[in-house]
Amino acid sequence: QVQLVESGGGLVQAGGSLRLSCAASGRTFSNYAMGWFRQAPGKEREFVGSISSSGGSTYFADFVKDRFTISRDNAKNTMYLQMNSLKPEDTAVYYCAAGLGFSVRYRRDYWGRGTQVTVSS
């Protein structure tokens, strides 16, 4: 089992920045590809970005490219999502995911409980 706990969400004005963290415990963190998803009210959960187990490869949804970055510190069992130039449409609950495949785009084995991000206009 892997336990994932997100933190860092909150209220921010449009154009602002937030950094989310996902702390993992349980199995060997460096074995897992990681990533972020989000779900806005009334919408389906959608992919935001992913990072490979080594941290050497990242991939982002088109709507966040050039605004968001993902990194991980395998020594600290933590993944980060740096969000810049935030827009009101980025408002959602952000979820951390872990998977044993190459990318969480294709396989998610574990989910966190989410952290709320609200961007005011």
Side-chain angles (χ1 to χ4, degrees):
Q1 287 284 346
V2 174
Q3 294 77 42
L4 303 174
V5 179
E6 303 94 336
S7 61
L11 174 64
V12 64
Q13 289 188 333
S17 298
L18 279 176
R19 188 176 83 154
L20 306 184
S21 298
C22 173
S25 61
R27 299 287 178 91
T28 305
F29 179 71
S30 59
N31 287 346
Y32 289 83
M34 302 289 295
W36 294 92
F37 291 74
R38 70 186 187 185
Q39 187 167 19
K43 295 187 177 182
E44 293 188 351
R45 191 172 297 188
E46 62 181 354
F47 170 79
V48 174
S50 62
I51 187 166
S52 61
S53 57
S54 67
S57 176
T58 57
Y59 184 86
F60 295 92
D62 286 343
F63 56 79
V64 299
K65 279 182 180 177
D66 300 325
R67 297 191 299 125
F68 292 7
T69 58
I70 292 178
S71 60
R72 65 190 292 164
D73 186 338
N74 284 348
K76 295 182 178 180
N77 290 355
T78 304
M79 174 184 62
Y80 306 96
L81 178 66
Q82 178 67 44
M83 304 186 293
N84 299 325
S85 302
L86 284 162
K87 305 175 182 179
E89 51 264 43
D90 293 319
T91 295
V93 177
Y94 283 70
Y95 296 92
C96 165
L100 283 173
F102 173 73
S103 172
V104 293
R105 286 186 290 156
Y106 310 112
R107 172 176 173 172
R108 284 83 59 187
D109 296 294
Y110 302 100
W111 291 95
R113 293 190 174 184
T115 185
Q116 176 70 47
V117 171
T118 303
V119 184
S120 63
S121 57

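Just so we're clear, the structure is a prediction, and the values are computed from it rather than from any experiment. These values consider heavy atoms only, across backbone and side chains, with no hydrogens, waters or symmetry-generated copies.
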May I ask you to test the [X]-[Y] pair for a side-chain heavy-atom distance under 4.5 Å?
X: T91; Y: Q116; result: yes
X: E89; Y: F63; result: no
X: Y80; Y: S21; result: yes
X: M79; Y: L81; result: no
X: D90; Y: M83; result: no
X: R108; Y: Y95; result: no
X: L86; Y: F68; result: yes
X: K76; Y: F29; result: no

Can [Y] be reached from [X] by stepping across I, L, V, M, F, W or Y side chains whose heavy atoms are under 4.5 Å apart?
X: V104; Y: Y59; result: yes
X: Y94; Y: W111; result: no
X: Y110; Y: F37; result: no

Between S25 and Q3, a side-chain donor and acceptor under 3.5 Å: yes
Identify the two heavy atoms, one from [X] and one from [Y], that lie closest to each other, and give their separation to 0.1 Å.
X: A98; Y: M34; answer: CB-SD, 3.4 Å
X: V117; Y: G9; answer: CG2-CA, 4.2 Å
X: G101; Y: A33; answer: O-CB, 3.5 Å

Could you give the distance from [atom1] ([X]) to [atom2] ([Y]), rounded to the nearest 0.5 Å?
X: W36; Y: C22; atom1: CH2; atom2: SG; value: 5.0 Å
X: R38; Y: R45; atom1: CZ; atom2: CZ; value: 13.0 Å
X: I70; Y: T58; atom1: CD1; atom2: OG1; value: 7.0 Å
X: S121; Y: K87; atom1: OG; atom2: NZ; value: 14.0 Å
X: S50; Y: F60; atom1: OG; atom2: CZ; value: 7.5 Å

[X] side chain to [Y] backbone, donor-acceptor under 3.5 Å:
X: S52; Y: S57; value: yes
X: R67; Y: S85; value: yes
X: D109; Y: L100; value: yes

Salt-bridge present (R113, E6; N to O < 4.0 Å): no
